[in-house]
Asker: 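I have a structure I would like to understand better, so I am pasting it below and will then ask my questions one at a time.
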2 protein chains.
Amino acid sequence: MNVEDCIFFQLAKAGLAGARYWNEQVAALGLTASQAMVLNALRDEDGVSVHRLGDRLRVTGATMTGLLDRLEAMDLIQRKPHLQDRRAIEIFLTPAGRAASEATSALAIAANRTFLADYSLEEQTALRGLLKRLAQTEHQTDDPGGTGPGARKGDL
Amino acid sequence: MNVEDCIFFQLAKAGLAGARYWNEQVAALGLTASQAMVLNALRDEDGVSVHRLGDRLRVTGATMTGLLDRLEAMDLIQRKPHLQDRRAIEIFLTPAGRAASEATSALAIAANRTFLADYSLEEQTALRGLLKRLAQTEHQTDDPGGTGPGARKGDL
DNA sequence: CGCTAATTGTTAGCACGCAAGTATTTTGTA
DNA sequence: TACAAAATACTTGCGTGCTAACAATTAGCG
């Protein structure tokens, strides 16, 4: 089997191609693709915990910490301690962050349209459905008594 | 527009989900997903240059250097200087690397089948075609005389 | 021949994304 | 109340991918 025909290869490359395009779009705002996604998520729902934000963006808490560190350094978000639960923090958009989130939201709509311009409506619908199913794929590691070594990292 | 409906988000997450699964499969061989793909590529075509290998795997030379460093440290590949062109090197599988490439190749076939087991043949065909088109997408950065700042990195 | 292009691989620095481990705090239970 | 368990965020270390800059070599052209 050729490398190019491996579904994991094709999935990874399609994902990276999309990330490259999205990166170019938000670079004008001084943002990376992931940072723009964080702002987009915060635009919908402000004052959330790190955990909740990571759930929406499907990344671990460790990744969130780094993303939030950079966004905070840019003065786009602010960490506030949670009043009831002293373990938790609440993440808020600053005024500049609010403006940036509006910009990225508009960019996202335009970029989606442009990126998919060459695809028919049927293809777009099929693609969305397939990607959703693929992203939710959870091939559980059947671990019958053994001490699982844990999954590796890597993107491809 | 919700973050979850952004095509770049969906593409990235589907790619990562596939990478996670593929990573689990090759972890038993002590390999990462990307390393296994390098071995798969070398199984088809040995004694190639870094540049050619990067072209097949769609990664830059800098990324190839790191991958080859680790594979060489594991004694799975070997760098040999090119006799005619002293800039270039040739990459060869060691005997252990050859064996590993056979194993990863078999794993790739099985993993592809398992991963796509829940999808109909029509869906698989459609998915392959769409991913291929997406991966080859090249929205050229129209750069009319300006000094382009260059694209950012980031995966999502 | 001699100078400039272009090519080849590497290095350095950054941004993700993950697992594993830590510190703090909250919660559940005896 | 006291103690174990869970939750929350952070830190560390690694692998991958990118751009940019670099040294070495080759190719092209006057």
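No hydrogens, no waters, no symmetry mates; every other heavy atom, side chains included, goes into these values. All chains are named by letter (A, B, ...) in the order of the sequence lines, taking the proteins before the strands, and each is independently numbered beginning at 1.
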Asker: Would C/dA5 be called syn or anti here, given the cut-off of 90° from 0?
Answerer: syn
Asker: Taking only side-chain N and O atoms of B/T63, does any of them lie within less than 4.0 angstrom of OP1 or OP2 on D/dC18?
Answerer: yes
Asker: Do the side-chain N or O atoms of A/S34 get closer than 4.0 angstrom to the phosphate oxygens (OP1, OP2) of C/dC16?
Answerer: yes
Asker: Heavy atoms under 4.0 Å, any strand shown: does B/G61 hit a base, just sugar-phosphate, or nothing?
Answerer: base
Asker: At 4.0 Å (heavy atoms only), tell me whether B/R52 reaches a base, stays on the sugar-phosphate, or touches nothing.
Answerer: nothing
Asker: Rounded to whole angstrom units, what separation is found between the CG atom of B/D55 and the C1' atom of C/dT7?
Answerer: 13 Å
Asker: When the distance from NE2 of A/H51 to P of D/dA6 is rounded to whole Å, what number comes out?
Answerer: 15 Å
Asker: Taking the side chain of A/R79 as its heavy atoms from C-beta onward, which of D/dC18, D/dC10, C/dC16 lies nearest to it?
Answerer: D/dC10
Asker: Would you mind reading off the distance between B/E24 atom CD and C/dC18 atom C1', rounded to a whole angstrom?
Answerer: 12 Å
Asker: Please tell me which of the listed nucleotides, D/dC18, C/dC18, C/dT10, lies nearest to the side chain of B/I89?
Answerer: C/dT10
Asker: Need the pair for D/dG13. Rule: Watson-Crick or G-U wobble, both distances under 3.5 Å, any strand; none if unpaired.
Answerer: C/dC18
Asker: Does D/dT16 have OP1 or OP2 sitting under 4.0 Å from an N or O in the side chain of B/Q35?
Answerer: yes
Asker: Tell me which nucleotide among D/dT26, C/dC16, D/dG15 gets nearest to the side chain of B/R86.
Answerer: D/dT26
Asker: Is A/A88 touching bases, backbone alone, or none of the nucleic acid, heavy atoms closer than 4.0 Å?
Answerer: sugar-phosphate
Asker: Can you tell if the side chain of A/L16 reaches within under 4.5 Å of the side chain of A/K13, non-hydrogen atoms only?
Answerer: yes
Asker: Please round to the nearest 0.5 Å and tell me the distance separating atom OG1 of B/T60 and atom NE2 of B/H51.
Answerer: 11.0 Å
Asker: In whole Å, I'd like the distance from the CZ atom of B/F8 to the C1' atom of C/dC16.
Answerer: 18 Å
Asker: Could you tell me which non-hydrogen atom of B/L131 sits nearest to which non-hydrogen atom of A/A14, and how far apart they are?
Answerer: CD2-CB, 3.7 Å
Asker: If you look at every strand shown and take non-hydrogen atoms under 4.0 Å, does A/R70 touch a base, only sugar-phosphate, or nothing?
Answerer: sugar-phosphate
Asker: Between P on C/dT10 and CG on B/L68, what's the gap in Å once rounded to a whole number?
Answerer: 7 Å
Asker: Looking at the side chain of A/V50, which of D/dT16, D/dA9, C/dT26 is the nearest nucleotide?
Answerer: D/dA9
Asker: When you get a sec, tell me which of D/dC18, C/dA15, C/dA19 is the closest nucleotide to the side chain of A/T32?
Answerer: C/dA15
Asker: Which nucleotide, if any, forms a Watson-Crick or G-U wobble pair with C/dT10, using both distances under 3.5 Å?
Answerer: D/dA21
Asker: Is a donor-acceptor pair below 3.5 Å formed from side chain A/R87 to base D/dA7, judging by atom type as modelled?
Answerer: yes
Asker: B/E4 pairs by side-chain hydrogen bond (donor to acceptor under 3.5 Å, both in side chains) with which of A/R56, A/K132, A/R58?
Answerer: A/R56
Asker: Among C/dC16, C/dT10, D/dA9, find the nucleotide with the atom closest to the side chain of B/T65.
Answerer: C/dT10
Asker: Give the ring-plane orientation class for B/F115 versus B/Y21, where under 30° counts as parallel, over 60° as perpendicular and anything between as tilted.
Answerer: tilted
Asker: Please check if any side-chain donor atom of A/N40 sits under 3.5 Å from a side-chain acceptor atom of A/T104, or the reverse.
Answerer: yes
Asker: Can you measure B/M64 atom CE to D/dC18 atom P for me and round it to whole angstrom units?
Answerer: 11 Å
Asker: Could you check how far CH2 of B/W22 sits from P of C/dC18, rounded to whole Å?
Answerer: 19 Å
Asker: Write down the distance between CG (B/D69) and P (C/dG9), rounded to a whole number of angstrom.
Answerer: 13 Å
